Amino acid sequence: MAKEKPSIPKGTRDFSPEEIAKRNYIFDIIRETYNLYGFKPIETPAMENLSTLMGKYGEEGDRLIFRILNSGDFLSKANKTDLNAGDSQKVSAQICEKALRYDLTVPFARYVVQHQNEITFPFRRYQIQPVWRADRPQKGRYREFFQCDADVIGSDSLFNEFELVKIIDQVFDKLGISVTVKLNNRKILAGIADYIGFADKITDITTAIDKLDKIGLEKVNEELKDRGLTDTAVDALQPVLLLQGEVKEKLASLRNTLQTSPTGLKGIDEMEELFTLLEDSSTKCKVELDLTLARGLNYYTGAIIEVKANDVAIGSICGGGRYDDLTGIFGLPGVSGVGISFGADRIYDVMQESGLFPEGVLTFSKVLLVNFGKEEQSYAQKILFKLRDAGISCELYPEASKMKKQMQYADKNLIPFVIIIGKNEMETGKLAVKNMKTGEQVMMDAETIVSYLNQNHKLSRN
RNA sequence: GUGGAUGUAGCUCAGCAGGUUAGAGCAUCAGAUUGUGGUUCUGAGGGUCGUGGGUUCGAGUCCCAUCUUCCACCCCA
């Protein structure tokens, strides 16, 4: 049999215990915060019906959806003409009924519609699961990655947007990542497109302006013209692109410019309300209005949210926005939702690069009990279970190896305490408790060990 | 989907005018030290040089293809 070199698909990764520990640290902080804000968890399957996903993410998005081949004699169901013509596009739709989920928002919309009679609105849910995209891997870009979504559906109130920004602020503060939250509003963008006379080209306009800080004003203008805008339209757009100043000033100026566009004015009202809420309850991170922010899938209709790390160049690490009619596609119109999504894998990369993971995350066992032999082991066992009863993670070295080896094991596994139980200790009842970080060793009886460890553990936790 | 770089031991890399048995550091394992780790010393194991073809007397080294990873574009967490 030919030897097969083990490997995993492009853009996917294995996770070691250490990596899981670090990732869980991120998940825990996000989950705690979601819980604190009263969100409830759900999960949905890794695969959805292809038709549920198609057409929700734009043309590019459709291309990036991983499709799942039907089982059995799937080719017999394919249209022979398309097959012979080599039309992969058409054939794949005929032989794939399922696909891996591309994000968590669309499956959530599907969930809401499907379970609408069990749900009490407004519904606050969160969801932490992997998603898949058939993208070409790059820095901070994977084909399988975790999203951590929180959405409020069934409420138009801008208080929801406000709370989501507060969550973002709190999560990144706890993680120790310095970030800037950028906000914009699709209605303002629509108003701008309307104002320059190209309401139908809003997608082209937004994707072009989105690149402003990346390729510069001139290139953006070029691209706008390439995408079919007239010179006068591009000229009319300039004051908007170059808008400077405080949030209030920007909005006032826009209000003047967009006075003929009811949609634009609505967007400005919304942003004003949101920023007023944010002013009354200050955030630790910077929150700014960025009119060039056009990101977001094409189902966004109101607020657009994006978060960038200030110290690491990696693209956005959290994004979100309001979608007014995502559930309408599945037969439940008139329900508005707003949500955010933390990109756990990018957050991981940022934390790794900036050395932000606390030391303690890699500690699994808090205590190792040294094993010297049969008698010592049975004595140590009692201590072992006593510690576990007290909620202290610990392990007993399973065989009577050399002490050096056992100490090395504790060292390599970053176990902060070692308890040594030999003949002497068994006779006196005083056990040797060694702090592996300081090297200091204290003799104490079994009764005091638990409180000693708890105390020291808290101290070292910082 | 487009363009560019990369691939030698578990990891980081050396080796190249094509020429015997492919090297180093770190890591691993064992010993020095049969009750004390993170330092030191000694030794050992570990590679079909990403994969498949081709050129050549001879290829880790040159050519082609393919895959991986990385970088940029597109797009995005």
Side-chain angles (χ1 to χ4, degrees), chain A residues 2-13 16 26 30 57-65 88-89 101-105 128-149 168 203 206-208 210-211 214-215 219 223 294-298 305-309 313-321 339-350 368 370-373 376 397 400-426 431-441:
Chain A
K3 262 186 276 182
E4 194 182 331
K5 198 176 139 192
S7 66
I8 53 176
K10 184 200 293 201
T12 65
R13 297 149 299 156
S16 65
I26 295 171
I30 292 172
Y57 310 105
E59 214 175 299
E60 180 73 7
D62 285 352
R63 203 169 58 86
L64 298 179
I65 293 171
S88 310
Q89 201 74 30
R101 65 167 165 252
Y102 179 88
D103 73 353
L104 301 178
T105 307
I128 299 178
Q129 288 190 282
V131 302
W132 294 268
R133 295 185 188 177
D135 215 348
R136 187 172 286 203
Q138 228 183 92
K139 182 183 172 69
R141 173 176 298 188
Y142 308 99
R143 291 184 138 182
E144 177 184 58
F145 60 97
F146 271 87
Q147 289 195 329
C148 312
D149 277 38
I168 291 169
T203 311
T206 52
T207 46
D210 184 42
K211 296 176 191 164
K214 204 166 182 178
I215 62 176
K219 290 259 170 88
E223 186 162 337
R295 300 272 168 124
L297 292 318
N298 60 357
I305 304 165
E306 178 177 284
V307 183
K308 299 204 95 172
I314 197 169
S316 73
I317 52 178
C318 179
I340 52 169
S341 179
F342 289 92
D345 301 79
R346 284 189 179 174
I347 291 172
Y348 182 104
D349 290 346
V350 168
L368 175 75
V370 173
N371 187 337
F372 280 129
E376 291 90 338
Y397 201 86
S401 302
K402 283 182 186 169
M403 181 118 169
K404 179 190 172 86
K405 186 165 181 178
Q406 300 191 38
M407 294 300 281
Q408 264 175 356
Y409 177 85
D411 192 42
K412 292 274 160 60
N413 286 290
L414 301 171
I415 298 174
F417 292 96
V418 170
I419 298 179
I420 300 159
I421 303 168
K423 291 276 183 301
N424 297 342
E425 284 78 4
M426 286 166 68
L431 313 181
V433 179
K434 176 163 182 162
N435 181 323
M436 293 298 279
K437 200 167 177 184
T438 62
E440 118 191 277
Q441 193 165 309

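Letters go in sequence order (proteins before strands), and every chain restarts at 1. Not measured: the values here are computed from a predicted model.
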Under 4.0 Å, counting only non-hydrogen atoms across every strand here, what does [X] touch: a base, just sugar-phosphate, or nothing?
X: G140(A); result: base
X: Y142(A); result: base
X: Q408(A); result: sugar-phosphate
X: C148(A); result: nothing
X: K402(A); result: sugar-phosphate
X: E425(A); result: base
X: K404(A); result: base
X: D135(A); result: base
X: I420(A); result: base

In whole Å, what is the span from the [atom1] atom of [X] to the [atom2] atom of [N]?
X: K405(A); N: rG38(B); atom1: NZ; atom2: C1'; result: 17 Å
X: R346(A); N: rA77(B); atom1: CZ; atom2: P; result: 8 Å
X: R63(A); N: rU2(B); atom1: CZ; atom2: C1'; result: 10 Å
X: Y409(A); N: rC29(B); atom1: OH; atom2: P; result: 12 Å
X: I415(A); N: rG38(B); atom1: CD1; atom2: C1'; result: 14 Å
X: R133(A); N: rC75(B); atom1: CZ; atom2: C1'; result: 9 Å
X: N424(A); N: rU36(B); atom1: CG; atom2: P; result: 12 Å
X: I317(A); N: rC76(B); atom1: CD1; atom2: C1'; result: 14 Å

Distance check, [atom1] atoms only: [N] and [M], in whole angstrom units.
N: rG47(B); M: rA24(B); atom1: C1'; answer: 14 Å
N: rC49(B); M: rC11(B); atom1: P; answer: 16 Å
N: rA22(B); M: rU8(B); atom1: C1'; answer: 8 Å
N: rA32(B); M: rA14(B); atom1: P; answer: 38 Å
N: rG60(B); M: rU21(B); atom1: P; answer: 11 Å
N: rU56(B); M: rG3(B); atom1: C1'; answer: 34 Å
N: rC74(B); M: rG4(B); atom1: C1'; answer: 16 Å
N: rA59(B); M: rU12(B); atom1: P; answer: 28 Å

Any strand counts, and the cut-off is 3.5 Å on both contacts for Watson-Crick or G-U wobble. Which nucleotide pairs with [N]?
N: rA32(B); result: rU40(B)
N: rG45(B); result: none
N: rA59(B); result: none
N: rG3(B); result: rC71(B)

Can F145(A) be called stacked on rA77(B) when the rule is centres closer than 5.5 Å and an angle between planes below 30°?
yes
Among [options], which is the nearest nucleotide to the side chain of [X]?
X: E60(A); options: rU69(B), rC71(B), rC75(B); result: rC75(B)
X: R136(A); options: rG37(B), rG3(B), rC75(B); result: rG3(B)
X: K214(A); options: rC75(B), rG37(B), rA77(B); result: rC75(B)
X: M403(A); options: rC70(B), rC75(B), rU36(B); result: rU36(B)

Is the backbone of [Y] close enough, under 3.5 Å, to the side chain of [X] for a donor and an acceptor to pair up by distance?
X: R101(A); Y: V131(A); result: no
X: D149(A); Y: S341(A); result: no
X: Q406(A); Y: N371(A); result: yes
X: R13(A); Y: E144(A); result: yes

So, does [X] get its side chain near the phosphate of [N], meaning an N or O under 4.0 Å from OP1 or OP2?
X: Q138(A); N: rA72(B); value: yes
X: K434(A); N: rU36(B); value: no
X: K211(A); N: rC73(B); value: no

Taking the nucleotide of RNA chain B with the closest heavy atom to each, which residue, T12(A) or G343(A), is nearer the 5' end?
T12(A)
Report the residue (G11(A) or G61(A)) whose heavy-atom-nearest nucleotide on RNA chain B is the more 5′ of the two.
G11(A)
Which value, rounded to the nearest 0.5 Å, describes the distance between I420(A) atom CD1 and L368(A) atom CG?
9.5 Å
Rounded distance (nearest 0.5 Å) linking atom CG of D135(A) with atom CZ of R143(A)
7.5 Å
For the residue pair Y397(A) and Y409(A), does the interplanar ring angle fall in the parallel (under 30°), tilted (30 to 60°) or perpendicular (over 60°) class?
perpendicular
Please evaluate the base of [N] for a donor-acceptor partner in the side chain of [X] within a cut-off of under 3.5 Å?
X: D411(A); N: rG37(B); value: yes
X: R141(A); N: rA77(B); value: no
X: R13(A); N: rU69(B); value: no
X: Q406(A); N: rU36(B); value: no

side-chain contact (heavy atoms from CB on, under 4.5 Å) assessment of L64(A) paired with Y57(A):
CA-CA 9 Å; L64(A) 298 179; Y57(A) 310 105; over 6 Å; no
Grab the two heavy atoms, one from G140(A) and one from D349(A), that are nearest each other, plus how far apart they are.
CA-OD2, 3.9 Å
